[in-house]
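Worksheet: one structure, shown below.
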Amino acid sequence: MTVVRGLGPPLWRAVLAGALLCGVGLLPWLSRTDPALTVLKARSAERDPTPEALEAIRAQLGLDAGPLELLGRWLSGLVRGDAGRSWISGAEVTPSVLQALGVSLLLMAGALAVAVVTAGAVCARTLRLGARRELAGRPSAGTGSAFLSTLPDFLTASVLAAVVGVQLGWLPALGWYGPRWMVLPALSLGLPAGALLGRLLDDMLPGAFAEPWALAAAARGVPGRSIARQALRRCVPGLLPNIGLFVVGLTGGAVAVEQIFDIPGLGRLSLQAAVAQDLPVLQAGTLALVLLAAAAGGLARLAARLLVGPALRDGALSSLHRPTPSRPTALPLLYGGLLLAVIALGLTRNPLELDTTARLQSPSWVHPFGTDALGRDVLARVGHGALDTLALALAVSAAALVVGVVLGLLPRFSGPLLDTVNAVPPVLAGLLVAAIAGSGTTTPAFAVTAVAWAPLAAHTSALLQQERATTHLTATRGLGAGPVYLLRRELLPAVLPPVTRHALLRLPGVALALAALGFLGLGAQPPSPEWGLLLAENQPYAERAPWAVLAPAAVLALLGAVAVTAGGGVRWPWGPRRRLRRFAKPVAAQLPTTLAVPRSAPAAKQPATTATKESP
């Protein structure tokens with residue numbers, strides 16, 4: 001930490017960006033492949049790799065000089081504004097990268113607009129109840145947003161392209177020629193992202209409505225809409241770092257959506273360059289993502305400070321703890337039982353049995369989930385793929401949670417590291433990990449863990465910054481409490497619950513990221529019945545046999561519903577409900593009258609000081 005503070009955040013950020021660019025520049029040599037052979041196949045797949053042809057490519061590209069010499073030449077040209085020429089097409093790199101970046105930024109803007117609208121719809125009920133002061137004992141938001149947040153973007157894109165674009169013909173499904181071509185891709189990216197952001201915001205709003213200023217405003221007769229608007233402003237700064245991460249993720253990580261809709265974006269360009277080992281294009285694309293990540297992170301931190309104001313400096317904030325724990329629900333048991341039932345039924349069947357006479361059959365009593373393109377039972381493959389999918393996803397999510405919380409507690413160290421890691425799409429991270437460690441079953445786990453901790457660290461750091469500026473922490477510090485006591489008794493209890501719920505929200509996304517890397521040849525391979533691999537295998541048949549895609553998507557959505565609803569606690573259906581109902585009215589009668597001001601009561605008769613004094 002002393003060394004990092006001595007370097008300073010800007011220099012530390014430059015060191016990390018340089019290390020990333022060096023790793024990308026050494027990718028062909030780290031993977032122990034011949035870059036000349038890869039470039040030859042990318043230029044002309046039908047040409048024989050004769051020694052003469054390979055030697056000509058090495059001489060043309062200067063590969064004999066070694067990777068460090070090539071990297072030095074590229075950096076020296078970059079200083080002059082020249083990012084080199086593509087090894088595949090021979091065209092200048094800078095214009096193509098800037099054009100792809102412009103397309104991705106336009107798509108990102110549309111996706112963010114959809115995400116903001118979706119997030120507002122998710123937390124609208126909480127805002128309405130908070131404005132009416134009816135949030136006491138309210139359960140978590142409905143599971144509809146949980147299902148929406150677990151939808152993989154490539155599945156959403158495939159369904160929208162096939163149904164809205166092809167069958168109905170309402171909007172174009174291929175190309176990038178104008179605003180109408182942007183609607184379906186923006187919906188595919190913005191709906192899951194907005195559902196996730198909405199649930200994170202919905203988790204913070206009850207704490208804002210229970211703060212003394214909100215109670216005092218309600219006692220004075222301030223309109224509920226004004227209180228809801230200020231509560232929203234109070235909670236948004238804690239999410240701004242994650243919004244900055246979404247900006248970069250929607251720009252460089254939208255590879256699947258760009259492939260499906262044939263969009264010439266930066267993510268697709270970087271992936272094609274990584275597969276073909278076109279280093280100048282890959283390095284320029286990575287540099288653009290690093291600069292975008294640094295800019296987005298800086299703007300997010302600046303906006304957070306502007307919204308919160310001098311309260312961060314003066315230690316005048318209130319803690320965003322929930323006033324009361326969310327009411328436990330029996331929904332996790334319902335969703336979990338349904339998921340276990342599907343898995344148990346699938347385990348009784350053979351997932352590898354082929355029946356070419358039963359290809360793409362619709363669901364029936366014999367095949368409840370239908371069959372795939374090879375005649376295999378989809379239910380059997382879903383059941384047998386559950387163990388590997390769930391175990392690996394849980395392990396990666398737990399590791400990402402631990403790393404994210406630890407690094408989030410060290411913002412000076414993790415801030416620049418967070419921006420740099422966020423600039424690496426999961427696919428590129430998988431290629432780098434595979435180049436160093438080799439392909440295998442553990443490669444996707446290491447690759448996803450290497451990037452999955454970033455949103456959790458950003459959330460931890462944002463909550464920690466606000467919690468350190470609370471009045472109760474200032475008072476506790478003034479009474480002589482040391483750093484260890486404050487961390488163990490005050491900071492961690494405030495930060496861990498919302499970050500843990502955030503990690504549960506991302507559990508299905510982790511499973512999908514693992515599957516995407518496996519489909520690219522970096523992990524599980526056919527005929528493995530891994531869930532994400534089932535989605536990728538059956539996606540080309542989504543129009544003819546939608547059941548083959550909907551079945552693994554449904555179990556992933558069930559997994560997300562279990563994870564999200566379990567975050568608020570689990571209540572057994574046969575628990576002491578009658579006892580709680582019996583004592584509910586006496587307890588409510590003993591609450592201070594200022595916490596539940598009658599709507600018909602005059603505003604002047606409700607003293608603000610009493611509400612502030614008796615607030616939680």
Side-chain angles (χ1 to χ4, degrees), residues 99-100 102-124 142-199 246-247 249-269 271 360 362-363 370 373 508-509 512 516 534-554 556-557 560:
Q99 182 179 2
V103 171
S104 292
L105 289 177
L106 185 59
L107 177 59
M108 176 266 294
L112 274 183
V114 174
V116 169
V117 174
T118 306
V122 170
C123 62
T143 54
S145 58
F147 283 105
L148 188 60
S149 63
T150 57
L151 286 177
D153 52 8
F154 67 86
L155 176 61
T156 308
S158 300
V159 172
L160 290 177
V163 177
V164 180
V166 177
Q167 293 182 357
L168 300 178
W170 292 346
L171 291 168
L174 290 176
W176 187 262
Y177 304 106
R180 295 180 66 245
W181 280 262
M182 189 176 69
V183 176
L184 294 182
L187 288 174
S188 303
L189 292 171
L191 287 176
L196 180 59
L197 286 175
R199 291 198 64 90
F246 273 111
V247 167
L250 294 175
T251 305
V255 180
V257 174
E258 291 176 356
Q259 290 278 18
I260 292 172
F261 291 103
D262 194 22
I263 299 174
L266 186 59
R268 183 183 178 189
L269 179 67
L271 176 61
L360 300 177
S362 59
L512 284 171
L534 296 184
L535 282 171
E537 287 177 343
N538 296 314
Q539 186 268 332
Y541 309 98
E543 187 175 354
R544 294 174 53 194
W547 52 85
V549 177
L550 292 178
L556 276 170

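Just so you know, these numbers come straight off a predicted model, no measurement behind them.
Nearest heavy atom pair, residue A100 against residue L269, reads CB-CD2, 3.8 Å. Nearest heavy-atom pair, G198 versus C123, reported as atom, atom and distance to 0.1 Å: O-CB, 4.2 Å. For S188 against A157, the heavy-atom pair with the smallest separation is OG-CA, 3.2 Å. G190 and T118 make their closest contact through O-OG1, 4.3 Å (heavy atoms, listed as atom of the first residue, atom of the second, distance). Considering every non-hydrogen atom in both A195 and V122, the closest pair reads CA-CG2, 4.2 Å.
Side-chain atoms of S104 come within 3.5 Å of backbone N or O of L266 as a donor-acceptor pair.
Between W181 and I263, every side-chain heavy-atom pair lies at or beyond the 4.5 Å cut-off. At a threshold of 4.5 Å between non-hydrogen side-chain atoms, the residues V549 and Y541 do not count as touching.
Crowding of R544 atom CZ: a count of heavy atoms from other residues, nucleotides or ligands under 6.0 Å not exceeding 12.
Distance check: M182 CE to L189 CG gives 11.5 Å after rounding to the nearest 0.5 Å. The distance from the CG atom of L107 to the CD atom of E258 is 6.5 Å, given to the nearest 0.5 Å. With rounding to the nearest 0.5 angstrom, the CG atom of L105 is 10.5 Å from the CG atom of L112.
Applying side-chain contact (heavy atoms from CB on, under 4.5 Å) to P185 and the options L160, V257, D262 leaves one that passes, V257.
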Report task. Step by step, work out the side-chain contact (heavy atoms from CB on, under 4.5 Å) result for L184 and F261. Result -> CA-CA 9 Å; L184 294 182; F261 291 103; 3.7 Å; yes

Requested in this report: Please test L191 against V114 for side-chain contact (heavy atoms from CB on, under 4.5 Å), starting from the C-alpha separation and ending with a verdict.
Outcome: CA-CA 6 Å; L191 287 176; V114 174; 4.1 Å; yes

